[in-house]
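Note that this is a predicted model, so its numbers are computed, not measured. Values below: every heavy atom of this structure, side chains too, minus hydrogens, waters and symmetry copies. Read the numbers this way: they start at 1 and go in the same order the structure lists the ligands and their atoms.
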Amino acid sequence: MNIIHVSAECYPIAKVGGLADVVGALPKYQNQLGVRSSVIMPFYDNKFTKSNSFTNTYAAKLQLGDTTYNYKILTLDNNTLGFDLFLVDVPELLFKDYVYSFDDTDRFLAFQIAVLDWILQLKEKPTIVHCHDHHTGLIPFMMPHSHDYDKLKDIPTVLTIHNAQYQGWFSHDNVYKIPPFDFDKVGLLDWSHTINPLAAAIKCAWKVTTVSPSYMEELKTAANGLESLLSHESAKCIGILNGIDTNVWNPETDDFIIKTYTEKTIESGRKANKKWLCDEFDLDAEKPLFAFIGRLVGEKGADLLPQIFEEALQKYDISILLLGSGSEDIQNHLRSLEDKYIGNYSAFIGYDEKLSHIIYAGADFLLMPSRVEPCGLNQMYALRYGTVPIVNKIGGLKDTVVDITENGFGICHEEVSVKSVVKAIERAIEFYKDTQNFKKNRKLISQIDHSWNASAKQYITLYESLI
Ligand code: ADP
């Protein structure tokens, strides 16, 4: 079996969020299980592409509407990723220092056309084309319906929805940019009078997966307009929980953290990481340390964080550290609290992979007041490093965190409001004070197996059902 994953992100090449972590790990685990699994993604202008060398394996021209672009398919030299990597280099469109921006329609359309043109000339065709999110959502439509790709029409496609909020909408005025197809099929591209790549993929892919079982269920009632479509297509939909890459996310070997640790040395290891964080951000290491890592957007409940932090800092003697970027408003609000709560609160606005690892290794609690969380990887990283997650009971958070009052190991709240999160913080402080149990819980959560092993097998079973 030969699987090609098509994605806009893949760790460590280009990462914006969890999509990268999944696409950088799943193929590796699939290869270990005896399936040949590779990744094709855009060639961006970033740190990874600047600091590695690549070989040009294929060059051709692609047609995007009236415009012709030259493109190349590159492979990574000295590849130690654990899977074959192919990069689509369309210099005018894809070679940018960002992954997503205002010009995504043309960029990702060109990317998808290049991917299919390249597959078309491969001697050994893939057994399955596995697409991730809306940036690759027109592939399941084009393979059976665009005349150019007639030879690919019998290759099964799988779509994984990592986030249904973003759907890649564009106007019918641009339909001519999609390689020619029988126009009576245009309805497959449409949702609410606009071209909707995610909807097209849900209609056309042979199987659709979401990144957790609970998210699959939730999408039937809240999918940013696609609820009825997902209910209608539910027979081919399945939720498969993401795993984590336990080679990258391993406190025993993690090069990013200040002191590595094992189950036996978890207390001293975490203490050293917490001390570093507190020294660096002017916080008191004796107090329980609450952290947030993530995109500062409404989905993550980030708009409520300033109020949550203010109320918690006024009521309790705790430290809070935030790492994130996103909405300007939220960023400014979070920054403005720093002067008011010197010594108790700090915000690092930006993206910093190393710092995120140290926070997982040193904070006592990780806050995730998400309104939408298709799977969520942060809580699984936190668990692996011995940090207690405090989560809203939704999506993948519901599938991975059990409250301490239900024989579990984390703190759950039932809604996203300032009151309920502050209450959850209060419960966390009580738990922290119960030192013996708190330390016992740390060891226990660090041993929970969230590796990809089980889920990678589930994907393979799904592929097998299609061939
Ligand atoms: P999403 O993909 O919705 O953003 P996930 O929980 O699936 O959320 O994945 C988030 C990933 O991005 C995690 O690896 C997390 O550590 C990382 N991350 C998010 N924001 C930052 C940041 N500001 N700095 C470093 N890593 C971040």
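- Contacts between Asp21 and ligand 1 below 4.0 angstrom, taking non-hydrogen atoms only, involve the side chain exclusively.
- With Glu373 contributing its side chain and Pro369 its backbone, the two residues share no donor-acceptor pair below 3.5 Å.
- The ring-ring contact (aromatic ring centres under 6.0 Å, His included) contacts involving residues 230-249 comprise Trp249-His357, Trp249-Tyr360, Trp249-Tyr381, where partners must be two or more places apart or lie in separate chains.
- Asp403 and Lys393 are not joined by a salt bridge, as no carboxylate oxygen comes within less than 4.0 angstrom of a charged side-chain nitrogen.
- Here the side chains of Lys259 and Asn273 are in contact, with some heavy-atom distance below 4.5 Å.
- Listed by number with element, the atoms of ligand 1 under 4.0 angstrom from any heavy atom of Gly18 are 1 (P), 2 (O), 5 (P), 7 (O), 9 (O), 10 (C), 11 (C).
- A donor-acceptor pair is defined here as one N or O able to donate and one able to accept, closer than 3.5 Å; no such pair exists between the side chain of Asp89 and the backbone of Phe43.
- Proximity of Pro374 to ligand 1 is not established, as no heavy-atom distance is less than 4.0 Å.
- Considering both main-chain and side-chain atoms, Gly17 never comes within under 3.5 Å of ligand 1 through any nitrogen or oxygen pair.
- Looking at heavy atoms from C-beta onward, Leu367 lies in side-chain contact with Ile425 at the 4.5 angstrom threshold.
- Looking only at heavy atoms of the protein, atom 12 (O) of ligand 1 is closest to Lys15 CE, 3.6 Å.
- Using a 4.5 Å cut-off on side-chain heavy atoms (C-beta onward), Met1 and Glu464 make contact.
- In this structure, atom 20 (N) of ligand 1 lies nearest to the protein heavy atom Gly294 CA, 3.4 Å.
- Residues passing the ring pair (Phe, Tyr, Trp, His ring centres under 6.0 Å) test with Tyr345, sequence neighbours excluded: Phe309.
- In summary, the atoms of ligand 1 found under 4.0 Å from a heavy atom of Gly324, numbered by their order in the structure, are 23 (N).
- Near Tyr381, meaning under 4.0 Å from any of its heavy atoms, are these atoms of ligand 1: 13 (C), 14 (O).
- Atoms of ligand 1 found under 4.0 Å from any heavy atom of Gly350 (numbered from 1 in listed order, with element): 22 (C), 23 (N).
- When only interatomic distances are considered, the shortest N/O to N/O separation between Leu19 and ligand 1 does not fall below 3.5 Å.
- With a 4.5 Å cut-off on side-chain heavy atoms, Leu198 and Trp191 do not count as touching.
- Looking at Tyr11 against ligand 1, nothing comes within 4.0 Å, counting heavy atoms.
- Nearest to atom 27 (C) of ligand 1 among the protein's heavy atoms is Tyr351 CE1, 3.3 Å.
- Under the 4.0 angstrom criterion for non-hydrogen atoms, Tyr360 is in contact with ligand 1.
- Only the side chain of Lys300 comes within 4.0 Å of ligand 1, judged by heavy-atom distances.
- Every atom of ligand 1 is numbered from 1 in the order shown, and the set under 4.0 Å from a heavy atom of Leu323 is 22 (C), 23 (N), 24 (N), 25 (C).
- At a 4.0 Å cut-off, not a single heavy atom of His162 sits close enough to ligand 1 to count as contact.
- Side-chain atoms of Glu353 and Tyr351 include a donor-acceptor pair closer than 3.5 Å.
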Between His130 and Tyr459, is the ring-ring contact (aromatic ring centres under 6.0 Å, His included) condition met? List the steps.
CA-CA 10 Å; His130 190 150; Tyr459 275 109; 5.5 Å; yes
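- Here Asn378 has heavy atoms under 4.0 Å from ligand 1 in both its backbone and its side chain.
- Heavy-atom contacts of Gly376 reach the following atoms of ligand 1: 6 (O) (cutoff under 4.0 Å).
- Among the atoms of Arg295, some N or O lies under 3.5 angstrom from an N or O of ligand 1.
- Any N or O atom pair closer than 3.5 Å counts here, and Ile293 shares no such pair with ligand 1.
- Ligand 1 lies nowhere less than 4.0 angstrom from a heavy atom belonging to Cys375.
- Counting only heavy atoms from C-beta outward, the side chains of Asn453 and Tyr29 approach each other to under 4.5 Å.
- Asp352 N, 3.1 Å is the protein heavy atom nearest to atom 24 (N) of ligand 1.
- Side-chain atoms of Asp133 do not come within 3.5 Å of backbone N or O of His135 as any donor-acceptor pair.
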